[in-house]
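Reckoned from all heavy atoms, side chains included, excluding hydrogens, waters and symmetry mates. Convention: sequence-line order gives letters A, B, ...; per-chain numbering from 1.
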Protein chains: 2
Amino acid sequence: MGKNSVRKEQILESAAKLFRKKGFKATSMRMIASNLGLEAASLYNHIHSKQKILEELLLGMGGRFMEGMKEVEDSKKNPLEKLDLLIGLHVKLTLSYPEQISLITGDWVHLEEPALTQYKTLRNAYELKFKTIIIDGMNEGLIENIDIEMALFSILSSLHWLYSWYARHPEMKGSDIEREIKKCLISGLKKREENP
Amino acid sequence: MGKNSVRKEQILESAAKLFRKKGFKATSMRMIASNLGLEAASLYNHIHSKQKILEELLLGMGGRFMEGMKEVEDSKKNPLEKLDLLIGLHVKLTLSYPEQISLITGDWVHLEEPALTQYKTLRNAYELKFKTIIIDGMNEGLIENIDIEMALFSILSSLHWLYSWYARHPEMKGSDIEREIKKCLISGLKKREENP
DNA sequence: GTCTATAAGTCGATAGAC
DNA sequence: GTCTATCGACTTATAGAC
């Protein structure tokens, strides 16, 4: 980590922004270079191919999510509190890496083997850990008895699209975003009875 | 409606499936034709361009959502019941048009003017109607006091990604899907106190 | 209505001068 | 490390034979 040159970081950043706006296939090496005042050919002194840019961006995000998950697992809190921490993790990573996050929702399909399998394996492992926390919560009576796959999917799809919402509400603070999205995903929309 | 020839419907269907799997930009006219045992040039006897295929698919879905929304608005139920009906609408349209639905999450960005503005206008109008129902629910004390944009975004992102979940669980019945996703989005994951 | 042939452009990536 | 020039493959779309 951190041994990337300045130029390479600039290229990854330029690419991520364009991938987000246009998508991987609709973004050309010429566009990525043009944003940095370069010609397309110059990019190849710093990166091996367009494909490798996508791999670095996506596997980098995968690693960050797995690191965050490990911290949550080691926290020894109860499952509902762990769910709370996980939502915080997604919010934090979304605000820190908004462009890279957007690749998770769509452009990962353009990965080629073996990176594609590598990415899917990482994602499956993450989702399994997430699911385990939900199941623990049900067993302890903290979480409603809901179809587990549906609960997982429902949370993750909201969290994955948080970046597009944040792009339209840049004035909102991270802490406010975190509080409100937790209300939606954990407590639900329907009004709860006042406490007895 | 319904005045499309059989061939044209086949082309739209073939295109939708490929757009879903590969994305609009990564799908070529040759692939669309090949799935029907045709050469690419033959497609142009039935459709004007690749761009027009995307427009027909996306604006067609937009119309179906607006029709459904109108029925819900006219139903004279309370806001929480209307929310329930809207989730049912999304589930129904997802199961009926899984490929077309997938375009809503990503490939709409490849629409060109004036279709792009037309699509955005349709989507904004739909989201505004959706939001109005949530606000009514809050005013009537049926829905928790949550950031409205966040609540809207949270529900819609889960509903928009329902198709990808359904692709992995084709054995589940529509009625079961509807019941479980309503639990997630309306009641929330956190266990509620038993009724007094 | 489908075909072959092709126009006109863009793509990712490389070679080699400087 | 950046450039110009270029290759070969691929793209959407059209023209015209059948």
Side-chain angles (χ1 to χ4, degrees), chain A residues 2-59 103 106-116, chain B residues 2-59 103 106-116:
Chain A
K3 68 177 193 294
N4 280 350
S5 71
V6 175
R7 252 302 187 240
K8 183 166 177 181
E9 289 295 346
Q10 290 174 331
I11 292 170
L12 291 175
E13 188 185 323
S14 171
K17 280 182 182 157
L18 285 163
F19 291 169
R20 173 183 179 165
K21 200 192 301 183
K22 301 279 189 181
F24 176 75
K25 279 282 180 179
T27 299
S28 69
M29 296 297 274
R30 286 166 176 80
M31 297 177 200
I32 297 170
S34 173
N35 270 10
L36 301 171
L38 296 176
E39 294 301 316
S42 307
L43 300 178
Y44 292 89
N45 283 307
H46 304 92
I47 50 98
H48 179 264
S49 66
K50 187 185 175 188
Q51 177 69 208
K52 283 286 178 193
I53 295 177
L54 186 64
E55 289 181 17
E56 288 214 30
L57 291 172
L58 271 170
L59 295 176
L103 303 180
D107 275 336
W108 64 269
V109 300
H110 296 115
L111 285 174
E112 294 169 4
E113 297 295 358
L116 180 59
Chain B
K3 69 176 193 293
N4 281 350
S5 70
V6 174
R7 251 302 186 241
K8 182 166 178 182
E9 290 293 348
Q10 289 175 330
I11 292 170
L12 291 174
E13 189 185 322
S14 171
K17 280 182 181 157
L18 285 163
F19 291 169
R20 173 183 180 166
K21 201 191 301 184
K22 301 278 188 181
F24 177 75
K25 278 282 180 181
T27 299
S28 68
M29 296 297 272
R30 283 172 176 77
M31 297 178 200
I32 297 170
S34 172
N35 270 9
L36 301 171
L38 295 177
E39 294 301 316
S42 307
L43 300 177
Y44 293 88
N45 283 306
H46 303 92
I47 49 99
H48 179 265
S49 67
K50 188 185 174 187
Q51 178 68 207
K52 282 286 177 193
I53 295 177
L54 186 64
E55 289 181 16
E56 287 214 29
L57 291 173
L58 270 169
L59 294 175
L103 304 180
D107 275 337
W108 64 269
V109 300
H110 295 115
L111 284 174
E112 294 168 5
E113 298 294 359
L116 179 59

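- Sorted by first and then second residue, the ring-ring contact (aromatic ring centres under 6.0 Å, His included) pairs involving residues 4-45 of chain A (not counting sequence neighbours) are Phe19(A)-Phe24(A), Phe24(A)-His110(A).
- For residues 28-51 of chain B, no pair satisfies salt bridge (Lys or Arg N to Asp or Glu O under 4.0 Å), with sequence neighbours left out.
- As rounded to whole Å, 12 Å separates atom P of dT12(D) from atom NE2 of His110(B).
- The two atoms that bring Ile11(A) and Ile32(A) nearest to each other are O-CG2, 4.0 Å, heavy atoms only.
- Contact detail for Leu57(B) and Leu12(B): the closest heavy-atom pair is CD2-O, 4.0 Å.
- Contacts between residues 19-43 of chain B and DNA chain C, defined by a heavy-atom separation under 4.0 Å, are made by Gly37(B), Leu38(B), Glu39(B), Ala41(B), Ser42(B).
- Residue pairs meeting the side chain to side chain donor-acceptor pair (under 3.5 Å) criterion with at least one partner in residues 10-20 of chain A, sequence neighbours excluded, are Arg7(A)-Gln10(A), Glu13(A)-Lys17(A).
- Note: OH (Tyr44(A)) to C1' (dT6(D)) measures 14 Å, nearest angstrom.
- Under the side-chain hydrogen bond (donor to acceptor under 3.5 Å, both in side chains) criterion, Lys25(A) pairs with no residue, sequence neighbours left out.
- The distance from atom CZ of Arg7(A) to atom P of dG1(D) is 10 Å, rounded to the nearest whole Å.
- For the segment residues 46-54 of chain A, residues with any heavy atom less than 4.0 angstrom from an atom of DNA chain D are, sorted by number, His46(A).
- Summarising the geometry of Leu111(B) relative to Glu55(B), their closest heavy-atom pair is CD2-CG, 3.6 Å, with the distance given to 0.1 Å.
- Under the 4.5 Å side-chain criterion, counting only non-hydrogen atoms from C-beta, Glu56(B) is in contact with Asn4(B).
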